Engineer: 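Handing you this structure, nothing more for now.
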Amino acid sequence: MPETPSDVRVVEAGPYGHRVIDHDWPHEARACRNVQKTLTTHVNTVDDLPPVRWLGGVDIGFEDGGNTTRAAAVVLNAQTLEVVDTALARVPTRMPYIPGLLSFREIPGALAALEQLATLPDLILVDGHGIAHPRRLGVATHLGLVTGLPTIGVAKKRLTGSHAEVPDKRGAWVELTDRGETIGAVLRSRVGVKPIFISPGHRIGLASALSFTMSALTRYRLPETTRVADKLASNR
DNA sequence: GCGACAG
DNA sequence: ATCTTGTCGC
């Protein structure tokens, strides 16, 4: 069984009825990295999803020069991409942005926004990486662990890993690898734009992560889930 | 020591 | 992420 120090706890019935990993929220970088190392043992990158009817999106913005975190959570009809629910939450920012520790800065706000949703998403596309992270614990993976919900990381820039050139054709993708592991995919979401980085968050594999992401793409570089959440989080 | 570095 | 207008191009 995985090691679970006192500051990391396994909870069989979390906020949404699923098994979740609860833990304290340190403010110091060293402690955050230690929590990440323990959390890694609980990540599931094998498909374990319900039928996806409601597709969620989460994105975070900031105000007051960063002192206030503005989090947006949205739910779209997975079939029609119609927006069925939205929520906006403002919470005081607790941590600065530190590469590799983004989740400790953004998740508190994300949780506050998710709590306000009337419709619980079956799968959430998060703005940021999933396991495509130095310790395999990007914001999407971390959010999946603490909510118990399936998540996918959709990032606009690379954090770690390397990859071949991506053909300039919509839907083309190449593997993103790091230290001998496949940690995600680099996807050309539309011709003529910079590719996006897709990686499993929690309770999903790379193939399905790519499939669901592509199902939410229309004519833009980013999937509708993150586009809708993004405008909510940035527009005052 | 040097370079890299999600949002 | 955020500070910020117009502008080049399909």
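By convention in this document, chain letters (A, B, ...) are assigned in the order of the sequence lines, proteins followed by strands, and residues within each chain are numbered from 1. This is a predicted model, so every value here is computed, not measured.
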Engineer: Give L137(A) one of three labels, base, sugar-phosphate or nothing, depending on what nucleic acid heavy atoms sit under 4.0 Å from its own.
Structural biologist: nothing

Engineer: Name all pairs fulfilling the side-chain hydrogen bond (donor to acceptor under 3.5 Å, both in side chains) condition that reach into residues 193-204 of chain A, sequence neighbours left out, sorted by first residue then second.
Structural biologist: D48(A)-R203(A)

Engineer: Could you check whether D59(A) and T226(A), counting side-chain N and O atoms only, form a donor-acceptor pair closer than 3.5 Å?
Structural biologist: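 D59(A) and T226(A) do not have a side-chain donor-acceptor pair below 3.5 Å.
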
Engineer: Between R33(A) and F104(A), is NZ or CZ placed under 6.0 angstrom from the six-membered ring centre and within 45° of the ring axis?
Structural biologist: no

Engineer: Distance from L206(A) atom CG to I131(A) atom CD1, nearest 0.5 Å?
Structural biologist: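 So the CG of L206(A) and the CD1 of I131(A) are separated by 7.5 Å.
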
Engineer: If pairs are Watson-Crick or G-U with both distances under 3.5 Å, what is the dot-bracket string of DNA chain B, marking crossing pairs with [ ] and pairs to another strand with |?
Structural biologist: .......

Engineer: Hey, what's the ring geometry for H23(A) with H142(A), parallel, tilted or perpendicular (30° and 60° as the breaks)?
Structural biologist: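 H23(A) vs H142(A) ring planes: tilted.
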
Engineer: Please write out each protein N/O paired with an N/O of nucleotides 7-10 of chain C under 3.5 Å, distance rounded to 0.1 Å.
Structural biologist:
none

Engineer: Under 6.0 Å from the ring centre and within 45 degrees of the ring axis: does the NZ or CZ of R158(A) meet both conditions for the six-membered ring of F197(A)?
Structural biologist: no

Engineer: Walking along DNA chain B from 5' to 3', note the first and the last nucleotide with an atom under 4.0 Å from a heavy atom of chain A, and give both.
Structural biologist: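 Nucleotide range with atoms under 4.0 Å of chain A: dA4(B) to dG7(B).
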
Engineer: Distance-only check: which donor-acceptor pairs under 3.5 Å involve side-chain atoms of residues 116-127 of chain A, not counting sequence neighbours?
Structural biologist:
| unit_1 | atom_1 | unit_2 | atom_2 | d |
| --- | --- | --- | --- | --- |
| D122(A) | OD2 | R53(A) | N | 2.9 |
| D122(A) | OD2 | W54(A) | N | 2.8 |
| D127(A) | OD1 | K156(A) | NZ | 3.0 |
| D127(A) | OD2 | K156(A) | NZ | 3.4 |

Engineer: Which residues, ordered by chain and number, are linked to V20(A) in its hydrophobic cluster, where ILVMFWY side chains connect at heavy-atom gaps below 4.5 Å, directly or through other members?
Structural biologist: V11(A)

Engineer: Got a second to check how far L222(A)'s CG is from I196(A)'s CD1, nearest 0.5 Å?
Structural biologist: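 So the CG of L222(A) and the CD1 of I196(A) are separated by 6.0 Å.
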
Engineer: With sugar-phosphate meaning primed atoms plus P, OP1 and OP2, does G65(A) contact a base, only sugar-phosphate, or nothing at under 4.0 Å between heavy atoms?
Structural biologist: nothing

Engineer: Looking at residues at least two apart in the chain, or sitting in another chain, which of them share a salt bridge (Lys or Arg N to Asp or Glu O under 4.0 Å) with R221(A)?
Structural biologist: none

Engineer: Quick one: list whatever passes salt bridge (Lys or Arg N to Asp or Glu O under 4.0 Å) with E82(A), sequence neighbours left out.
Structural biologist: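 In terms of salt bridge (Lys or Arg N to Asp or Glu O under 4.0 Å), with neighbours along the sequence ignored, E82(A) is linked to no residue.
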
Engineer: Is a side-chain donor-acceptor pair under 3.5 Å present for T68(A) with D64(A)?
Structural biologist: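 Distance-only check passes for D64(A) and T68(A).
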
Engineer: Taking salt bridge (Lys or Arg N to Asp or Glu O under 4.0 Å) as the definition, give me every residue that meets it alongside D178(A), ordered by chain and number, with sequence neighbours left out.
Structural biologist: R136(A)

Engineer: Note every stem involving DNA chain C: at least three consecutive Watson-Crick or G-U wobble pairs, i with j then i+1 with j-1, with both distances under 3.5 Å.
Structural biologist: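 The stems that DNA chain C takes part in number none, since no run reaches 3 pairs.
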
Engineer: What donor-acceptor contacts under 3.5 angstrom involve side-chain atoms of residues 164-172 of chain A, with partners at least two apart or in another chain?
Structural biologist:
| unit_1 | atom_1 | unit_2 | atom_2 | d |
| --- | --- | --- | --- | --- |
| D168(A) | OD1 | G192(A) | N | 2.9 |
| R170(A) | NE | S189(A) | O | 3.4 |
| R170(A) | NH2 | T218(A) | O | 2.9 |

Engineer: Would you list the protein and nucleotides 1-4 of chain C atom pairs, both N or O, that sit under 3.5 Å from each other?
Structural biologist:
| unit_1 | atom_1 | unit_2 | atom_2 | d |
| --- | --- | --- | --- | --- |
| dA1(C) | OP2 | K156(A) | NZ | 3.4 |
| dT2(C) | OP1 | F62(A) | N | 3.3 |

Engineer: Mind listing the closest non-hydrogen atom pair of L143(A) and L114(A) along with its distance?
Structural biologist: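 Shortest heavy-atom separation between L143(A) and L114(A) comes out as CD1-CD1, 4.2 Å.
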
